[in-house]
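If you read the sequence from its start, that first residue is 1, and numbering goes on from there. In each ligand, atom 1 is the first atom listed, and ligand 1 is the first ligand listed.
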Amino acid sequence: MRISREMAARWVLLGLWAACITSPGGASLLNICMDAKHHKAKPGPEGELHGQCTPWKANACCTGNTSTEAHQDQSYLYRFNWNHCGVMPRKCKRHFIQDTCLYECSPNLGPWIVKTDSSWRRERILHVPLCKEDCEEWWEDCKDYVTCEENWHKGWNWATGTNHCPWGTMCRPFKQVFPRAADLCEKIWSDSYRYTTAPRGSGRCIQMWFDPAQGNPNVAVAKYYSWGGRAAADMAWKPVVGASSSLPAALLILLPPALLALI
Ligand SMILES: *[C@@H]1O[C@H](CO)[C@@H](O)[C@H](O)[C@H]1NC(C)=O
C-alpha cells in the first residue's frame with residue numbers, strides 16, 4: 001500500500017515535470033496571428049503576396065488582397081490618408097507600407113500582442129522592439145514631410161470617411177513633431193513599437209525590412225522574447241500570456257528531480 005502511494009506520487013511529479021519541459025508558456029506566443037481587423041486566424045503560406053509584403057509569403061497572417069491594399073492610398077483596409085498634409089514623398093511612404101506589411105503579415109509578433117478595447121480590433125501590439133536601422137531610416141526618409149498629429153491613431157477628423165487634420169492643428173515637419181527617431185517609431189502608433197539600439201541581424205529586435213532568401217529573422221527574435229528574454233530585457237513589462245515564460249528554464253528542469261529525490 002505504502003509503496004504504491006509512493007509510486008503514484010512519483011508518476012504525478014514526473015508528469016508535471018514533463019509538462020513543464022515540453023509545453024512551456026512561451027510556445028503559445030510563437031507563430032500566431034493577432035485577432036484584429038484583417039488578420040487570418042492562423043499563419044500559412046501565401047503565394048500571391050504583393051510588392052513590399054512578399055518577404056512574408058512563406059508564412060503570413062495577411063492575405064494577398066490585404067498585401068495589395070497595403071500599398072494603396074486610402075485603401076479599404078483602414079481608409080487612412082497618408083497625404084493629410086500634402087502628398088507624402090515616395091521615399092517616406094515606403095516605410096509606412098513596410099510598417100503595414102509587418103503589422104498585417106508577420107506571424108512573429110506574438111510576444112507583444114495584448115488585448116485591447118477597440119471597436120475595430122480585439123488585440124493590438126505593444127512595445128515591439130524595432131531594430132535601430134529600421135526606425136532611423138524611417139525617420140531619416142520622412143523627416144522633411146509634414147504632419148499635424150503626433151499619434152496617428154487618434155485626433156483626426158473622420159467626417160468625410162478618411163482622416164483629415166482637424167481645425168486648429170498645423171502641418172509641421174516630421175522633425176519638429178518627432179524630434180528624434182525614437183519619437184516617430186514609438187509615438188506614431190501609440191507605443192506599438194519600442195525604439196532599440198539593437199541592430200538588424202542581432203536576433204534581439206524585430207526587422208520591418210528583411211531579405212527572405214535568408215529566411216525570416218523575426219522567427220528567432222520572437223522565440224528569444226517568448227522564453228524569458230523579454231523579462232530579462234525589461235523587467236518592467238509584465239508577461240501578457242503564459243506567466244511561466246518568465247521562470248528560468250533551469251529551475252523548471254532541476255526542481256522536480258530534486259523533489260523526487262526527497263520521496
Ligand atoms: C480586397 O477585398 C475587398 C473586400 O472584399 C475589395 O473591396 C477590394 O477591392 C479587394 N482589393 C483587391 C486589390 O483585390
Side-chain angles (χ1 to χ4, degrees), residues 31-110 112-126 128 130 134 137-138 141-142 145 147 149 151-166 185 188-190 192-193 206-213 215-216 218-219 222:
N31 198 35
I32 56 171
C33 300
M34 76 185 98
D35 184 359
K37 196 171 178 192
H38 300 290
H39 289 72
K40 291 164 29 180
K42 280 192 190 134
E46 287 290 333
E48 299 295 301
L49 292 194
H50 182 78
Q52 290 179 223
C53 297
T54 51
W56 284 275
K57 73 178 181 208
N59 194 30
C61 287
C62 58
T63 60
N65 175 301
T66 299
S67 74
T68 304
E69 293 286 340
H71 293 70
Q72 281 159 23
D73 288 347
Q74 286 160 71
S75 76
Y76 103 99
L77 297 180
Y78 305 102
R79 304 269 171 229
F80 197 88
N81 173 19
W82 305 119
N83 308 317
H84 50 264
C85 281
V87 177
M88 182 186 275
R90 173 76 209 146
K91 69 169 183 181
C92 171
K93 193 183 290 174
R94 68 191 189 98
H95 293 275
F96 283 94
I97 293 171
Q98 201 66 21
D99 159 58
T100 308
C101 289
L102 177 74
Y103 174 79
E104 300 291 346
C105 303
S106 177
N108 312 117
L109 301 176
W112 303 279
I113 293 175
V114 297
K115 302 284 172 208
T116 183
D117 232 344
S118 137
S119 59
W120 53 281
R121 56 180 182 179
R122 277 196 283 266
E123 291 180 336
R124 58 162 296 186
I125 44 172
L126 188 66
V128 172
L130 193 60
D134 286 35
E137 285 167 22
W138 188 0
D141 287 344
C142 292
Y145 177 57
T147 184
E149 292 286 353
N151 183 339
W152 286 15
H153 273 147
K154 51 190 192 188
W156 301 105
N157 175 357
W158 283 93
T160 60
T162 188
N163 55 305
H164 290 281
C165 294
C185 309
I188 199 158
W189 301 125
S190 357
S192 292
Y193 295 118
I206 291 289
Q207 289 180 220
M208 210 155 81
W209 299 89
F210 61 87
D211 176 3
N216 180 340
N218 298 329
V219 172

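Looking at Glu69 next to ligand 1, an N or O pair under 3.5 Å apart turns up. Looking at Thr68 next to ligand 1, no N or O pair under 3.5 Å apart turns up.
Taking the six-membered ring wherever Trp is involved, the centroid distance between the rings of Trp209 and His95 falls below 6.0 Å. Remark: aromatic rings of Trp189 and Tyr103 are distant, center separation not under 6.0 Å. A centroid separation of less than 6.0 Å is found between the aromatic rings of Phe96 and Trp152.
Of the possible donor and acceptor atoms, one in the side chain of Asn83 sits under 3.5 Å from a partner among the backbone N and O of Met88. Counting only distance, with no hydrogens or angles, the side chain of His39 and the backbone of Ala36 share no donor-acceptor pair below 3.5 Å.
Shortest contact from atom 1 (C) of ligand 1 to any protein heavy atom: Asn65 ND2, 1.6 Å. Residue, atom and distance of the protein heavy atom nearest to atom 4 (C) of ligand 1 are Tyr76 CE1, 3.7 Å.
For atom 7 (O) of ligand 1, no protein heavy-atom neighbour is found at a distance under 4.0 Å.
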